Amino acid sequence: MDWQALNLSLALGGMTVLILMPIALLLGRWLAFARFRGRAVIEALVTLPLVLPPTVIGFYLLSGMGPSSPIGRAWQALFGDGLVFTFEAVLIASVIVNLPFAVQPAQRAFEAIGQDLRDAAATCGHSSWRCLWRIELPLAWPGLLTGAVLSFAHTLGEFGVVLMVGGSIPGETRTLALSIYDRVQGFDMQGANSMALVLMAISLATVSMTFVLSHRGRRHG
């Protein structure tokens, strides 16, 4: 069992969720309630990581964060080292790839809140911030939590983008999915099987949690 890869995968999943959820809350609420021209384009951009092959996303992220790119040069100037093939690069890629897994459940949860309820809150003098805090979040939390769980589970299993942007550096970018691949390449099928079972158990537990939250949300909806 590659405990170092497991710990790195769990850290990557946790940090991805921490960064992603405020973005998902704000972007999901905005897409749920705002009406403007070009909304379909923004929704398509958010959904794009779901349909693009991971190698395509990884290629563009590698190009966008490489040493000759503006982001790569800025990172080099600030931190004195390159960005690609580091944990930070994998984390940035993970946040982008998981955007639809977090934003879409949040958007659907906010869309389920009736406009009449929001109008009633505004009539009672509630500001937009107070309405969000006191009315919308208590109703939308199952969707937000579902997005967090899905993002975490998807991060644990992500392979192509992590390999393209981070390589497979032990202790730095080699996640559990990459470690399984390395064990198979080395004909260590027993080691690969034990890690695959752990990954499957964690994924099953997190997906089960999303169904529990979904049922609970419908009961309270």
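When a residue number appears, it is its place in the shown sequence, counting from 1. It should be emphasised that the depicted structure is a prediction, and the values quoted were computed from it without experimental measurement.
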Practice task
Provide the full list of side-chain hydrogen bond (donor to acceptor under 3.5 Å, both in side chains) pairs with a residue in residues 7-16, sequence neighbours left out, each pair given once.
Solution key: Thr16-Ser94
Problem - Backbone of Gly64 reached by a side-chain donor or acceptor of Ser69 within 3.5 Å - result: yes
Straight-line distance of [X] [atom1] to [Y] [atom2], nearest 0.5 Å:
| X | Y | atom1 | atom2 | value |
| --- | --- | --- | --- | --- |
| Met21 | Leu26 | CE | CG | 10.5 Å |
| Leu10 | Leu6 | CG | CG | 4.5 Å |
| Ser194 | Asp188 | OG | CG | 7.5 Å |

Practice task
Identify whether Met164 and Ile169 are in the same connected component of the hydrophobic contact network (ILVMFWY, side-chain heavy atoms under 4.5 Å).
Solution key: yes
Handout entry: Linked, directly or transitively: Leu197 and Leu156 (ILVMFWY side chains, under 4.5 Å)
Key = no
Practice task
Name all residues meeting the side chain to side chain donor-acceptor pair (under 3.5 Å) criterion together with Gln107; count only those two or more places apart in sequence or in a different chain, and write none if there are none.
Solution key: Glu43, Glu111
Handout entry: Any residue meeting side chain to side chain donor-acceptor pair (under 3.5 Å) with Gln104, in chain and number order, not counting sequence neighbours
Key = Thr47
Completion exercise
Hits for ring-ring contact (aromatic ring centres under 6.0 Å, His included) against Phe152, two or more places apart or cross-chain, chain-then-number order -> none
Practice task
Starting from Val162, walk the hydrophobic network (Ile, Leu, Val, Met, Phe, Trp, Tyr; side-chain heavy atoms closer than 4.5 Å) and list everyone else you reach, by chain and number.
Solution key: Leu8, Leu12, Met15, Ile19, Leu20, Ile23, Leu27, Trp30, Leu31, Phe36, Ile42, Val46, Phe87, Val90, Leu91, Val95, Leu99, Val103, Phe159, Leu163, Leu178, Tyr181
Problem - Nonpolar side-chain network containing Val41, other nodes, edges under 4.5 Å - result: Leu45
Practice task
Could you pull out the closest heavy-atom pair between Ala192 and Val184, with the gap in Å?
Solution key: CB-CG2, 3.7 Å
Handout entry: Identified side chain to side chain donor-acceptor pair (under 3.5 Å) counterpart of Ser168 within the set Thr173, Thr175, Asp182
Key = Asp182
